[in-house]
Amino acid sequence: MKLITAIIQPHKLTDVKASLAKAGVTKMTVSNVLGAGQQKGYDENYRGVVHEVNLLKKVELQIAVNDEYLEPTIKAIVEGAHTGKIGDGKIFVTTIDETIRIRTGERGKAAIG
Amino acid sequence: MKLITAIIQPHKLTDVKASLAKAGVTKMTVSNVLGAGQQKGYDENYRGVVHEVNLLKKVELQIAVNDEYLEPTIKAIVEGAHTGKIGDGKIFVTTIDETIRIRTGERGKAAIG
Amino acid sequence: MKLITAIIQPHKLTDVKASLAKAGVTKMTVSNVLGAGQQKGYDENYRGVVHEVNLLKKVELQIAVNDEYLEPTIKAIVEGAHTGKIGDGKIFVTTIDETIRIRTGERGKAAIG
Amino acid sequence: MANLMKYFSMEKLISSVLILTALWAFPLSLSAQETPAPAAETAAPATAEEEVPAITTETLAYTVDNLILFLAAVLVLFMQAGFAMVTAGLNAAKNTVNVLYKSVMDVSIGVLVFWLIGYGLMYPGADFAGGFFGFAGFGVPDGSGVVGDRATLHPQVDFLFQAAFAATAATIVAGAMAGRLKFYIYVIYSIVLTGFIYPISGMWKWGGGWLNTLGFHDFAGSILVHSVGGFAGLAGAIILGPRIGKFAPDGKPQVLAGHSLTMAALGAFILWIGWYGFNPGSNLHFTGDANIHAVMTIATNTTLAAVAGAVVTMIVTWTAYGKPELSMTLNGLLAGLVGITAGCDSVTNPEAMLIGGIAGILVVLGVKLLDKLKIDDPVGAFPVHGVNGIWGGIAVGIFGADKNLGAQLIGSLVVPLYAFAAMFVIFFVLHKLFNIRVSREEELKGLDVGEHKEEAYKGFQIFTID
Amino acid sequence: MANLMKYFSMEKLISSVLILTALWAFPLSLSAQETPAPAAETAAPATAEEEVPAITTETLAYTVDNLILFLAAVLVLFMQAGFAMVTAGLNAAKNTVNVLYKSVMDVSIGVLVFWLIGYGLMYPGADFAGGFFGFAGFGVPDGSGVVGDRATLHPQVDFLFQAAFAATAATIVAGAMAGRLKFYIYVIYSIVLTGFIYPISGMWKWGGGWLNTLGFHDFAGSILVHSVGGFAGLAGAIILGPRIGKFAPDGKPQVLAGHSLTMAALGAFILWIGWYGFNPGSNLHFTGDANIHAVMTIATNTTLAAVAGAVVTMIVTWTAYGKPELSMTLNGLLAGLVGITAGCDSVTNPEAMLIGGIAGILVVLGVKLLDKLKIDDPVGAFPVHGVNGIWGGIAVGIFGADKNLGAQLIGSLVVPLYAFAAMFVIFFVLHKLFNIRVSREEELKGLDVGEHKEEAYKGFQIFTID
Amino acid sequence: MANLMKYFSMEKLISSVLILTALWAFPLSLSAQETPAPAAETAAPATAEEEVPAITTETLAYTVDNLILFLAAVLVLFMQAGFAMVTAGLNAAKNTVNVLYKSVMDVSIGVLVFWLIGYGLMYPGADFAGGFFGFAGFGVPDGSGVVGDRATLHPQVDFLFQAAFAATAATIVAGAMAGRLKFYIYVIYSIVLTGFIYPISGMWKWGGGWLNTLGFHDFAGSILVHSVGGFAGLAGAIILGPRIGKFAPDGKPQVLAGHSLTMAALGAFILWIGWYGFNPGSNLHFTGDANIHAVMTIATNTTLAAVAGAVVTMIVTWTAYGKPELSMTLNGLLAGLVGITAGCDSVTNPEAMLIGGIAGILVVLGVKLLDKLKIDDPVGAFPVHGVNGIWGGIAVGIFGADKNLGAQLIGSLVVPLYAFAAMFVIFFVLHKLFNIRVSREEELKGLDVGEHKEEAYKGFQIFTID
Ligand SMILES: Nc1ncnc2c1ncn2[C@@H]1O[C@H](COP(=O)(O)OP(=O)(O)O)[C@@H](O)[C@H]1O
Ligand SMILES: Nc1ncnc2c1ncn2[C@@H]1O[C@H](COP(=O)(O)OP(=O)(O)O)[C@@H](O)[C@H]1O
Ligand SMILES: Nc1ncnc2c1ncn2[C@@H]1O[C@H](COP(=O)(O)OP(=O)(O)O)[C@@H](O)[C@H]1O
């Protein structure tokens, strides 16, 4: 079981969700984050003081999948989020030792989906 | 050392905290997330346009525990969060390689608690 | 490849970012969380009812690094966040199986930076 | 019967009733009124240049009286924005749409119903002097042909001013019941309250009824408006029961915090400003030495009571809880205003401060009392308007220029009791019939999604999720 | 030409033009005006104690008329705060600074331009009676030496009242075009609209032009103000195209939710209150039986139409969508106000309710219509002000005291058509020259960062990130 | 002494002093005042029908003057809501409760203290004409038995209007010191400022003191109100030092962003509206040709200066920073208002625009200057009210109808200097005694939790955490 953590451009969320749905992935957890990466920040101005904003608004997706779903899911995320421009985002994969569905108490691979 | 990530119904947070406290677990990190799972979304209506909301408000708990605490902690979360209804949530367990307490520099098992 | 998750005092973020930059680490993902740890809560009062707040405002940093960067990064975080007072925070390290840069499709160690 | 009627069909029913009422009201009243004389046309600048007879001082007095009453009515209507902000701010974000909707409807439904029925019930005319009940008929006179002098009010502005008061009473109730009431029940009780409950007791004093004959003094409505709203709200809060989580299993009160004290404070400021229409406007006439003396004294007394209420509540919360607490202090300010409303015309400046200051203590005790009784009133409607409404009524008997403690006590007990009892029965019956409270799940998710399928802050994220 | 001019140089150009205009305006008008007589000085308390001749009833009537018109102007200016809150609340948080900035500039630029040019165009004087166009010259008379009687308005207060109206028209346009327009384009069209487009059609009726001669009746501006703003906004919205994501690829309308219905509701309340300056104030004279009758009828009619609009929209959304919807209901309230504006002086109370109620239906249909036509108007400026402006104009022909349906139809079609056509051409030309829409990336990130390098809620995090 | 007194005991002490003051004030003034004649009663509609002598034009003039002054007072009081919103909006969310609390107390404490002491100090009567200091006694006359004519103001409304001004001065100070001041210190200096500092310099001009004799002209208080507030705030800001993080270690100014420009913009709109009470109301008399001319000119000049300030600041920020900046532009609008306040009665329309426009430049320079000097004024209180207060005072000497540049320069320097020096000493002493600044940790966490154990947006999460 793998946990996919993807950080994408906020306005690509709709596309990524659509592309994931096509790949049969509908379960996910989403949150708002700020990110610093290769993408350059921009200047803001407040009361005459200019300052650089370098933590940019991003959306983080967490998706737990069984191993056979890993590559299709990654592919779907990339398809939805890719524009070729800096700031497109990044995906990290980690290993899940155990999954529990709270409602039923089911564990393991059965609990993921 | 394990990291427990639990996604629960927001209004069950108080119960889960109480149930964790009974099990001796008081340290945790909590955040607001949106989740899509088996639970169905609902319709909203804005200026005459109906749209389905399928990312629902959830609370995510992250709890780092030493291995012997893993099962009791999971049990406590399930006890607090369980209602038997779809949407109760899910728990993921991953392995922590290292833990550092910033204040003291302590590492490993001693740093968790 | 390692994922460093650090939970720090909100007002130390600027210091931690500076200290990370000195260590050559500029990529990160940041989010707002609430945390319960050793640090005691405080009382609030609303319409005559006193209640204890024990989930305190914290900032969570996620930083993915190649293995050789692990210790320098931890050191930089500790340097920036350390005050010696309870509430300084905690760092968890987990293993990343795979990293993908969405823009280029690059994978592995090359994709981290 | 609750079994016979399903929730959804109920909503449809309400809608239909409302539409029917509307449809019925129009032709009825269309025929009841005559087309207005095209007064404005002849009064337009162009025609004003024609030779017209000299304007008399009596006409000028009539002019000034009516225009100031109109401006006072505007200020009182502005209070609705204040109530909306206070109530929204002191409730959770998830109930904001519901709270705001009720604020808009308090005055919308209120004005319509008061136009149709309430005004006729509240001012039934001289025939019912000293009585308990009377009805002058549906609708409001159009006032064409009124020849103005110092003693005259144009019925259209009189209606507007009184309708704004009626809406105030309704709004207070909504605050006490926020966060768990079904919206269509709100629509029903609102109609009943502004159409019947409020105007009937209003008639007892301001319509020339038995309390007026008794010598009861309630200048601008500590009792007739505020205590009626506060006690009606208390009845509703009792029948509804507290919000989930307001009291711990062991009975200890918990914090269900408001989502924006900024809004709450803005609302309190707006209410304060609106009160300059409420109290000074209630003098109804403004011309001449005596009226000017009255109005200016009222305005200053109103101000002094408000600020004394705020300062005393600051001191009380500072002493009692270690820190000065804002949401209570805003309540204290409003409590001072409610407390002075009955007697603002008949006390001295220092007495006004004293009345306001005591109100600032009473409001804190009132909140504590509700917590003791496990009654949940999210915005403090009862402590502010109920408790201090009564205090205002009694204070006139203690400090007022023509003290009549007996009459004050009678009026200050009978009216709130009446409002409580009447609304208790209505809520009780509605509860038995339809269950007036939303489901547990809906309450937890918030009434915005449940009752309106809408969220107040959906686009607040700088970027859109979903 | 778009190639010749780069974006940045354009902004600099605009700035320079503005500065030059300012520099040119001052000396010009400095010489055009005389130093005011030190009237205030001689009127100060101290000197008032001198022996002065008895004050006449005519002077008092002049006094009252002008003071009430001043207060009405203040209420109309307050509407700008209402527009700001409604527009900000119904748009995404990321465009808030941009929306607020435009609200401030609507009235700032508006008043300056209207002082310089608009007032002279709108009130060119008797020589242009019955005409299409005239100009009385730059600036506004200072009114020194005016001897007041019942028929007189001081030019400075007349200007203030009219300038507030002009600013209203400009504000409406900004609402329809929110979320994707370049800010400097906004500055340009604002100057054109308040300086030329609005005063020219305004002159047709209120300046004594051809529509006035025709017998067209638009008491306070359903047509002259609201439909002009609404249709100008429609032209802009069409040329701009919808916001990204407003329509799905299959053409279905999507939700781009406002970020604070609390602000939107507050704004609606403020607009409502401001309307008591807009409509009653438009009577311009207030003294005497006929004027008081007119003003009080207008005030009550305005109220009844507003609340009927809100209640009917509630019923319509409840029936159509299963739940009562707040943002539409706020639009319904405003639609009722727009609908009654033309005829508030010449209909009965029940007719006012009917007009408001129908407005409450029309506004829902208007929103649907735009969705059908794939035109994106984030705040409903066209349904509220455009559709119901026309409805208000026609309603006078149906219900008004001196019905003249023909004249009403002509005025209610020609004026909005003129506004639409004129602004369509202007927006079209601007679009060809400069591309009036911000880049896709800027739109997605928000205009606050793009056009102002500033965020509205940066410090909203309880703790600071960054 | 700081060692002898612990923080907590200090707070208790303050509370006790406040209570004692309150207790002492009541009996004292209770005895000082007589019970008011039951004027309102006899003036009620019922009795108005009795046969009463004809009303004279003098009485009508008195009526109108006093009623308009009352309405102006209401508008000025409304400004408190504006200050609250601007200050809250331009500060971080974590300090919102603190900011709002101070806004409520500015006017609450202000009115009480001004009633008790300030009014008597500011208007000591003819005996002190030309002097520096005088005292007419505690409290405010109740005005019973006033026989009104054109030259008369009822003391109760005069007090209300002046008290609202006093509260304004206090509010300005709070803005400059936001985000790091202990709350009980705020309570202390507020009492001193509205009780002593403000009324003493106010007496110099408006109370008939030496500046009045000198021929100094400050129509509505650019100097007496705004510069006093602005310079008192500057003194406070200097002694407090900048907020943590406002200046980088290398001295470069940093951004500590406000949490809601929506609130800030709303506040600016409200302040603008309130200014129509502030400036036109300061004419104090409104009846007759001369007064109407003055009031209408004042109203239009006030408007033109405001909008010119906003437009010029837009151009300046656009040119200087590449993009038009909202929070400065709001400051520019207010700067225009402050700048015109002294001379609104004695300049022409174009001069008003010029004064406002220059204010719009000065405010930007003022902000820059503070950044240079490393003084932290979170809301720009000094640039807006201090710098432009002085500018307003001097502008009268340049443009005013009866130019007296000498007198203007003296008044425009002495008064702010006095306010700065007096408050500097007071803050300095308080700082030595008690340390007026909260702890580093409290500042970082926010004053809401530290000083009030309360958060402004606790329930803002759609669902509750904790
Ligand atoms: N090493 C990393 N650790 C944590 N987060 C990262 C890391 N690299 C990138 N991110 C996250 O991904 C987002 C996109 O990164 P970016 O460098 O712009 O992508 P790329 O350059 O690959 O197109 C960043 O804003 C940040 O939130
Ligand atoms: N595979 C998954 N990956 C990521 N998050 C998930 C996954 N499955 C569930 N979740 C999270 O858990 C929440 C609850 O899931 P749900 O399907 O409603 O639980 P269940 O069906 O087991 O009762 C979801 O809203 C989502 O946030
Ligand atoms: N075991 C844990 N699991 C999850 N989060 C933790 C854990 N321990 C600490 N934290 C997070 O770290 C934050 C700081 O912890 P704290 O106990 O105050 O640190 P310390 O005592 O080491 O100085 C907490 O508020 C919490 O968010």
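Scope of the values below: all heavy atoms of this structure, side chains included, with no hydrogens, waters or symmetry mates. Letters A, B, ... are given to chains in the order of the sequence lines, protein chains preceding strands, and every chain is numbered from 1. Everything numeric in this text was worked out from a predicted model, so none of it was measured.
- Of all heavy-atom pairs spanning E:T262 and D:M85, the tightest one is O-CE, 3.7 Å.
- Looking only at distances, no side-chain donor or acceptor of D:H452 sits under 3.5 Å from a matching main-chain atom of E:L326.
- Closest non-hydrogen pair, D:L100 versus E:L261, comes out as CD1-O, 3.4 Å.
- The parts of D:Y101 that come within reach of chain E are both its backbone and its side chain, each placing non-hydrogen atoms under 4.5 angstrom from that chain.
- Using a 4.5 Å cut-off on side-chain heavy atoms (C-beta onward), D:I270 and E:F269 make no contact.
- Classification of the E:Y457-D:F460 ring pair by plane angle, with boundaries at 30° and 60°, yields tilted.
- Residues D:E454 and E:M328 fail the side-chain proximity criterion, which asks for heavy atoms closer than 4.5 Å.
- The two residues D:T59 and E:G288 make their nearest non-hydrogen contact at CG2-CA, 3.6 Å.
- At a 4.5 Å heavy-atom cutoff, E:T56 makes no contact with chain D through either its backbone or its side chain.
- For D:F78 and E:F78, the distance between ring centers is under 6.0 angstrom.
- Between D:K453 and E:E325 the shortest side-chain heavy-atom distance does not fall below 4.5 Å.
- Contacts of D:S103 with chain E are made by both backbone and side-chain atoms, with heavy-atom separations under 4.5 Å.
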> How far apart are the C-alpha atoms of E:W272 and D:V104, what are their side-chain angles, what is the distance that settles it, and do they pass the side-chain contact (heavy atoms from CB on, under 4.5 Å) test?
Replying inline: CA-CA 11 Å; E:W272 181 350; D:V104 173; 5.6 Å; no
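- Residues E:V311 and D:M105 are in side-chain contact: their nearest non-hydrogen atoms beyond the backbone lie under 4.5 Å apart.
- A pairwise comparison of heavy atoms in D:L160 and E:A299 identifies CD2-CB, 4.0 Å as the closest pair.
- Put simply, the side chain of E:D289 gets close to the backbone of D:G148: a donor and an acceptor are under 3.5 Å apart.
- Below 30°, between 30° and 60°, or above 60°: for D:F70 and E:Y276 the angle between ring planes is above 60°, a perpendicular geometry.
- For the pairing with D:Q156, the side-chain contact (heavy atoms from CB on, under 4.5 Å) check across E:I292, E:T297, E:V295, E:T303 returns one residue only, E:T297.
- The CD atom of D:E451 sits 5.0 Å away from the NZ atom of E:K323 when rounded to the nearest 0.5 Å.
- Counting heavy atoms from C-beta outward, D:D142 and E:N349 have side chains that stay 4.5 Å or more apart.
- Two residues are said to be in side-chain contact when any heavy atoms from C-beta on lie closer than 4.5 Å; E:H259 and D:K458 fail this criterion.
- Interface check for chain D: of the options E:T317, E:I68, E:L330, E:D448, the most heavy-atom pairs under 4.5 Å are formed by E:I68.
- Listed here is the closest heavy atom pair of D:T63 and E:T287: CG2-CA, 3.7 Å.
- Using a 4.5 Å cut-off on side-chain heavy atoms (C-beta onward), E:M296 and D:L67 make contact.
- With respect to chain D, the highest number of heavy-atom pairs below 4.5 Å among E:S327, E:A264, E:S282 belongs to E:S327.
- Residue D:A84 touches chain E through its side chain alone, counting heavy-atom pairs closer than 4.5 Å.
- Both the backbone and the side chain of D:Q80 come within less than 4.5 Å of a heavy atom in chain E.
- In this structure, the separation between NE2 on E:H293 and CG on D:N66 is 12.0 Å, given to the nearest 0.5 Å.
- Comparing E:T329, E:N301, E:L333 by how many heavy-atom pairs each has under 4.5 Å with chain D, the most go to E:T329.
- Interface remark: D:V146 contributes backbone atoms only to the contact with chain E (heavy atom separation under 4.5 Å).
- Shown here for E:T57 and D:I55, the closest heavy-atom pair between the two residues is OG1-O, 3.1 Å.
- Heavy atoms closer than 4.5 Å to chain E are found in the side chain of D:L71, but not in its backbone.
- D:V99 does not touch chain E: none of its heavy atoms, backbone or side chain, sits under 4.5 Å away.
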